[in-house]
Amino acid sequence: QVQLVESGGGLVQPGGSLRLSCGVSGSTFSRYTMGWFRQAPGKEREFVAGINWSGDRTYYADFAQGRFTISRDNAGSTVYLQMNSLKPEDTATYFCAKRTFRYQLANVPSPSHYDDWGQGTQVTVSS
């Protein structure tokens, strides 16, 4: 059974940084594209960033470009999201997700192409 466990969320002041981690077990991690999504209260889940199985291709939502960095450690079966220059509007629950099929890159921003999700970690940006 595949399990994804996020950590690293918390309360941070505007302009601050956080590094989210997502450990994956029960799957051949290195074969799958991974994604980070977020969901704020009353809003739909939205794509934040994605990374292909080898880590040499990354994808970002417009709001994340230049502020967030996705990376992965295949030996440790972990995907990371470094978030800098955080804004109050970044407040949300952040989820990591694994693509349904291995070695796939199409439709990276689409949540429907991911079949395994973590429980989420809360990020609150407030002074």
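The residues of the chain are indexed from 1 along the displayed sequence.
Between the CD atom of Gln82 and the OH atom of Tyr80 there is a distance of 11.5 Å, given to the nearest 0.5 Å. Here Ser27 contributes atom OG and Lys98 contributes atom NZ; the two are 4.5 Å apart, rounded to the nearest 0.5 Å. Distance check, rounded to the nearest 0.5 Å: CE of Met34 to CG of Leu81 gives 11.5 Å. In this structure, CD1 in Ile51 is found 12.5 Å from SG in Cys96, a value given to the nearest 0.5 Å. Put simply, CG on Asn52 and CZ on Arg31 are 15.0 Å apart, with the number rounded to the nearest 0.5 Å. Atoms OG1 and OH, from Thr33 and Tyr114 in turn, are 6.5 Å apart once rounded to the nearest 0.5 Å.
Minimum heavy-atom separation, Gly9 to Val123: CA-CG2, 4.2 Å. Scanning all heavy atoms of the two residues, the minimum distance from Tyr60 to Ile70 falls at OH-N, 2.9 Å. Of all non-hydrogen atoms in Thr93 and Gln122, the two that sit nearest each other are OG1-OE1, 2.9 Å. Residue Leu18 comes nearest to Leu86 through the heavy atom pair N-CD1, 3.9 Å, listed as atom of the first residue, atom of the second, then distance. Of all the heavy atoms in Ala92 and Ala40, the pair that sits closest is CB-N, 3.9 Å. Taking each heavy atom of Val108 and Gly50 in turn, the nearest pair found is CG1-CA, 3.9 Å.
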For Leu20 and Met83, run side-chain contact (heavy atoms from CB on, under 4.5 Å): C-alpha distance rounded to whole Å, both residues' side-chain angles, the deciding distance at 0.1 Å, then the answer.
CA-CA 8 Å; Leu20 306 184; Met83 304 187 295; 3.8 Å; yes
Evaluate the side-chain contact (heavy atoms from CB on, under 4.5 Å) criterion for residues Arg72 and Phe29: first the C-alpha distance (whole Å), next the side-chain angles of each, then the deciding distance (0.1 Å), finally the verdict.
CA-CA 10 Å; Arg72 66 190 295 160; Phe29 177 77; 3.3 Å; yes
Evaluate the criterion side-chain contact (heavy atoms from CB on, under 4.5 Å) for residue pair Asn84 and Phe68; output intermediate values, then yes/no.
CA-CA 6 Å; Asn84 299 327; Phe68 296 0; 6.0 Å; no
Please step through ring pair (Phe, Tyr, Trp, His ring centres under 6.0 Å) for the pair Tyr103 and Trp53, ending with a clear verdict.
CA-CA 7 Å; Tyr103 302 128; Trp53 51 90; 5.4 Å; yes
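Looking only at distances, no side-chain donor or acceptor of Ser112 sits under 3.5 Å from a matching main-chain atom of Ser110.
For the pair Pro88/Pro14, a side-chain contact is recorded, criterion being any heavy-atom separation below 4.5 Å from C-beta on. Side-chain contact between Glu6 and Trp36: present, with at least one pair of heavy atoms (C-beta onward) separated by less than 4.5 Å. Taking the side chain as every heavy atom from C-beta outward, Gln3 and Val24 never approach each other to under 4.5 Å.
The number of heavy atoms from other shown groups lying within 6.0 Å of CD (Glu89) is above 12.
Under the 3.5 Å distance criterion, with hydrogens and angles disregarded, no donor-acceptor pair is assigned to the side chains of Thr124 and Ser126. Gln13 and Ser127 are not linked by any side-chain donor-acceptor pair at a separation below 3.5 angstrom, with hydrogens and angles left out of the test.
With sequence neighbours left out, Asn107 forms a side chain to side chain donor-acceptor pair (under 3.5 Å) with His113. Scored by the side chain to side chain donor-acceptor pair (under 3.5 Å) test, Arg38 finds Glu46, Asp90, Tyr94 as partners (sequence neighbours excluded).
Note on ring orientation: taking the six-membered ring where Trp is involved, the planes of Phe37 and Phe47 are perpendicular (angle over 60°, cut-offs 30° and 60°).
At least one test fails for Arg99 against the ring of Tyr32: distance under 6.0 Å to the centre or angle within 45° of the axis.
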